[in-house]
Amino acid sequence: MTRYNASATEAKWQKVWTENETFTVTEDYDLPKYYVLEMFPYPSGRIHMGHVRNYTQGDVVARYKRAKGFNVLHPMGWDAFGMPAENAAMEHNVHPAKWTYENIDHMKSQLKSIGFSFDWTREFATCDPEYYGKEQAMFIDFMNAGLVYRKESWVNWDPVDNTVLANEQVIDGKGWRSGAVVERKKLNQWFFKITEVADDLDAELENLERWPEKVRVMQKNWIGRSKGMHLTFNASQNDEEITVYTTRPDTIFGASFIAIAADHPLAAEHAENNADLGDFIKECRKLGTSEEALEKAEKKGFKLDLTMKHPFKEGCELPVYVANFVLMEYGTGAVFGCPAHDQRDLDFARKYDLNVQAVVIPSGEDVSTFAVENIAYTDPGTIGNSEFLDGMTVEQAKAKIIDLGEEGGFGSATTNYRLRDWGVSRQRYWGAPIPIVYCDDCGVVEIPKEELPVILPEDISFDKPGNPLDHHPTWKHVNCPKCAKPAQRETDTFDTFIDSSWYFARFASPKSDAPFDKKAVDYWLPVDQYVGGVEHAILHLLYSRFYTRAMKEVGLCDVKEPFDGLFTQGMVCHETYQDKEGNWVLPEDLDKQSDGTFKIRATGEVVKAGRSVKMSKSKKNVVDPTAIIDTYGADTARWFMLSDSPPERDLEWTEEGVEGAWRFTQRLWRTVTTNLDAVKNVTADQPSNFSKEAQDLRRMTHFSIASIGKDIEDFHFNSSVAQTYKFSNAIGAFKSNNSEGDLFALREAIESLILVTSPMMPHLAEEMWKMVGKEGLVSDAAWPVSRPELIQETSVTVVVQVQGKLRDKLEVAKDMDKAEVEALALASDKVQKAILGKEIRKIIVVPNKIVNIVV
RNA sequence: GCCCUUGUGAUGAAAUUGGUAAACAUAGCAGAUUUAAAAUCUGCCGCUCUUUAUGGGCUUGGCGGUUCAAGUCCGCCCAAGGGCACCA
C-alpha cells in the first residue's frame, strides 16, 4: 500500500486552485455573502505559528461557508508600514521599501504553502501609494467634515538622537537606543475627534452580540463614560474661580478641600512668584514619565495661598492645593475633595490633617455616630449632615445639586470620558505622509485631491538622527497650493493604526480609484467573522469602529459597525529549555531521551525544561512552520492547530501532538484507499434494505455531518476534530458484507467523511475526492445534507437513579410512556435491592433520559 | 486596589446548557505482527475498598447552599492568567 505523500500532493492541489482561480470571488449581489477576515500581518519576515493558527481558523470557516453556498470574501494583505522597517534600514542599511517587499514575497510563499483559500487577486500592501493615497484623500474628507484638528501635544523626546520616541521605545524613562533620559516636549500634532462619537461607541457595544464579552468590557472601560457635573467655586480673596468635574455632587457638604493638577493654568499663575511651588510642579511632571512605580501610592499636595467659598455652606472656606494625583487631561483638571467618600481624598486628608465629614450614611447606621476611619465609604446610603439634602438618596441629592447649580449659573450636568482624542501624527519616515502644506500667508493648506497621493521620497538616508523626511534636501519644499508661494510640507506621517482602520473596506474593491466602491462595501461589510489576537481588543478594534463611523459620516459607505462577529484566538505556547549557563535553547537543537529529558544534540548537555509560555524569539521556544510543513505537510499542521485545545484558549505545541495529527492523516488515507475497490463503482441509487450495521453507519454519517458543521459554526473546532475521529473510526470498524445496502452506506460514509474533513485538511480531501472518482474539486463541492430521520435512534438508554445515585441502566424504546418506564425501572433487580425496606416518596421520570426514585 | 476569565484523570480536553462525569486524542502498560525496530492492529488505562464482582464507596480548586438531581445555578474563600491603573 502506498503512503500519502503530503508535500507532492499539497503542491499539486495548490497549483490547481491557483490555475482554476478557485478562490477568486466577485460581487455577485444576488448571492448571500459571507465575509471572513483574519487580522492581516505585519511583514516581519517569516510566518510564525500564531499566524498559522489564526489563518487556519479563518480558513476553516471560509471553506465551510463556501460549501454552504455563500459567496465568501476571504482576502489577505499586508500591514506594511511601521518602525521595524526603519530599524532594519538603520541596522542593515537596507531601504525600508526593499526590506518590506522582500518580506512580503517570502511570507506570501509561506502562506501559499499552507493552502489557505485566500482570494489573492485582492492582495495589497498598505505602503503602496495606491493604498495610502486613498487614505490621504479620506483625511481631507474628514477634515472638511470637522473630524480632524491640530493642537499642541506632548511627545517623548530623545535629546541625544534628536528624535521622537514611541511609548514602547521608552524603557525605564530612557531612550532604547541612546540611553538618554527622555524628556517631554510639546509638538503640534493632528488629532481625530474620536471623543465626539464616544457615546455611540459605548452604546453600540451592547449590540455587538457576536463579540467576546471580555473585549466589550475592555472597550467599555477604555471609553470610561461617566456622568457628573461641572461645578464652579469662587475665591474668598479675589475674583479667581475654579471649575471642577465631579460624579459625586451629592457629597458636596463633605468637601474639605479643592485640588488642582500641576499643569492647571492657575497653578502656573501662582508659581510665577513662588519658587517652591515651581519645584513641586516640576516634581509632579517627572512622576508622570519615570518613577511612577515608586511614588504611585503617595499623595502629595502644595497648599496655595487661596481659599474657595463653599457654594452652599455660608462661611465655609475650602483650602486649594496643587496635588500630584489630579490629572489635567481628565475632566477640568480640578476636583473638590470629599475624604469620607473617596479613598484618594481620604489618604490626602489624613496626610494634611483635613476635616473628614461623612455625609452618606449606610442604612442601619446613625448619623450622629457614623464615622469614616481609613476606608472611604463609597456605597449607597442616606444623605446626612448636609442641610437641605438630609434624608435624600444619593441619586436624589445629585439631581438636586445639579438643579441648583444650573439655576444659579455655577454648575451643569456633564458626561465625561476616559477616552482621549486619537493623535495620528508620527515623526517618522515609513508611514503615509500627511497631505498638508504650511504656508506663511495661507496657514494650514490641504493638498488638493487631484494632486494626491503625496508619495514618500525614495532617496532618503537614516545617517542623521531624526525624521528623514524632515532633513531630505528637497522633498518638503513645495509651492502653496493656494497662493503658489514657497511653502513647506508636513513632514509627519500617519499612525499605522490608520492603515489598519479601513483595510477591511478596501478589500471589497481593491482596484477602485476611490477609497472603495460604495456598492461593493455596502454588500460585503460588515465583516461577518473577524479572527485575530486579543492584544488588539482595544486600540485597533476601537479605531476601526471610529473610522468606519467617520467614513459613513462623509458619505463613503452606509455601514457603521465594521465587524459583526469577532473571535479572539489563544496563543501558541511551547516548553522552554535552558542550558547550564541559563541560555535559552531551541527545541529543534534537542534530542529527547527515553526518560523524557532533553539533551543538546551537538554537545550532549542535558537541559532544564521550563514552563510552557507563548512562543517568542527571546525565549527561543519557537517551532518554524516551514520545518513542520516540510516534514509532515500543511494538512497535518492545520489539523494539529485545530485539535484538542479550544480555539480561544492557549495551545500547547508538542511533538507528540504533531505526530498524532500526522498519523491521522495517514489513517484517513488508508481508510479511503482500503475501501476504494468496494465503493468505487457503487451507483447512487439507494437500495431499499439496510443491515443493522449499515443503519448504524448511516446514523454515524448523518450525525457527523450535522455535528461537525455545527461545531465549525460555533468555533468549536476541537469538537469537530473529535467527531471526525469517531466518524473515521466507525468507518474503519465497519465490516461490509458486500451487499448493496452495505456498499451504499460505506460509499455514503466515505464521501461524507471527505467532505466534512475538507475545510480542515483541504489537500488530502481534494486527493481523496479524486480517488473515489468524483468530478470537480472538493473545494467547490457542497456541504453534504444531513438527514435528521436517519439520526433518530429507535431505542434509548434510560438511567435509573435511587436518591440521585446511579443504580441501573435500561434499554427502552424511544419516547416510551412515562408510566411504562417507571414500571420497568421498579422491576429492575438492582433497583429493588437499593430500595429494599424503604418507602417510595416520589418518582421523577424525564423522558428518554432518566428515572429518579426518591425514598 | 478595581474589573474580567479560567480551575475536570499522568496530559490536551468533552459533557446535548440542571439529567449516565471523563467522549476524542496524547502519554503509558500488555499482547499480535516483525530476524529486529519503526509503522500498523487488538486490549487495558480517574482514585479507592473488599469478599476481585454484572460489587461497594469516592471524585470536576476548597467550604457551604438551592434542587428529586449540580462540573453546570447561588454565596464565601483559594490559586493561575489577562485588562485597567490616581479617570474625581
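Every chain is numbered from 1 and lettered A, B, ... according to where its sequence line falls, protein lines coming before strand lines. Please read these numbers as outputs of a predicted model, since none were measured by experiment.
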Sub-3.5 Å pairs of nitrogen or oxygen atoms, protein against nucleotides 53-60 of chain B:
residue	atom	partner	partner atom	Å
G57(B)	OP1	R807(A)	NH2	3.3

Mind listing the N/O atom pairs, protein and nucleotides 16-21 of chain B, below 3.5 Å?
residue	atom	partner	partner atom	Å
U20(B)	O2	K809(A)	NZ	2.9

Table of protein N/O atoms under 3.5 Å from nucleotides 23-27 of chain B N/O atoms:
residue	atom	partner	partner atom	Å
A23(B)	O2'	K726(A)	NZ	2.8
A25(B)	OP1	N729(A)	ND2	3.1
U26(B)	OP1	R663(A)	NH2	3.2
A27(B)	OP2	R663(A)	NH2	3.4

Show me, pair by pair, the donor-acceptor contacts under 3.5 angstrom made by side chains of residues 839-855 of chain A, not counting sequence neighbours?
residue	atom	partner	partner atom	Å
N848(A)	OD1	D815(A)	N	2.8
N848(A)	ND2	D815(A)	OD1	2.9
N852(A)	OD1	G804(A)	N	3.1

Name every donor-acceptor pair, under 3.5 Å, that has one atom in a side chain of residues 699-707 of chain A and the other anywhere in the protein, sequence neighbours excluded.
residue	atom	partner	partner atom	Å
R699(A)	NH1	D696(A)	OD1	2.9
T701(A)	OG1	L697(A)	O	3.0
H702(A)	ND1	R787(A)	N	3.0
H702(A)	NE2	E748(A)	OE2	3.0
S704(A)	OG	M700(A)	O	2.7
S704(A)	OG	Q723(A)	NE2	3.1

Show the atom names and distances, to 0.1 Å, of all donor-acceptor pairs under 3.5 Å that link a side chain in residues 248-262 of chain A to residues at least two apart or in another chain.
residue	atom	partner	partner atom	Å
R248(A)	NE	D250(A)	OD1	3.2
R248(A)	NE	D250(A)	OD2	3.3
R248(A)	NH2	D250(A)	OD2	3.1
T251(A)	OG1	R248(A)	O	2.8
S256(A)	OG	N355(A)	O	3.0

>> Once pairs are restricted to Watson-Crick or G-U wobble with both distances under 3.5 Å, how does RNA chain B read as a dot-bracket string, [ ] for crossings and | for other-strand pairs?
In response: (((((((..(((......[....))).(((((.......))))).(((((..).))))..(((((..]....))))))))))))....
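Rounded to whole angstrom, the span from the CE atom of M328(A) across to the C1' atom of A88(B) amounts to 14 Å.
Closest approach to the V326(A) side chain among A88(B), U6(B), C3(B) is made by A88(B) (side chain taken as heavy atoms from C-beta onward).
Checked against side-chain hydrogen bond (donor to acceptor under 3.5 Å, both in side chains), T631(A) has no partners two or more places apart in sequence or in another chain. F567(A) is linked by a ring-ring contact (aromatic ring centres under 6.0 Å, His included) to F715(A), counting only residues two or more places apart in sequence or in another chain. E655(A) is linked by a side-chain hydrogen bond (donor to acceptor under 3.5 Å, both in side chains) to Y632(A), counting only residues two or more places apart in sequence or in another chain. Every residue meeting the side-chain hydrogen bond (donor to acceptor under 3.5 Å, both in side chains) condition with S828(A), not counting sequence neighbours, appears here in chain and number order: D808(A).
The stretch residues 334-343 of chain A participates, sequence neighbours left out, in these side-chain hydrogen bond (donor to acceptor under 3.5 Å, both in side chains) pairs: D342(A)-R344(A), Q343(A)-D347(A).
Spacing of C1' atoms, A22(B) relative to A10(B), comes out at 14 Å, to the nearest Å.
Centroid-to-centroid, the aromatic rings of Y352(A) and Y321(A) come within less than 6.0 Å.
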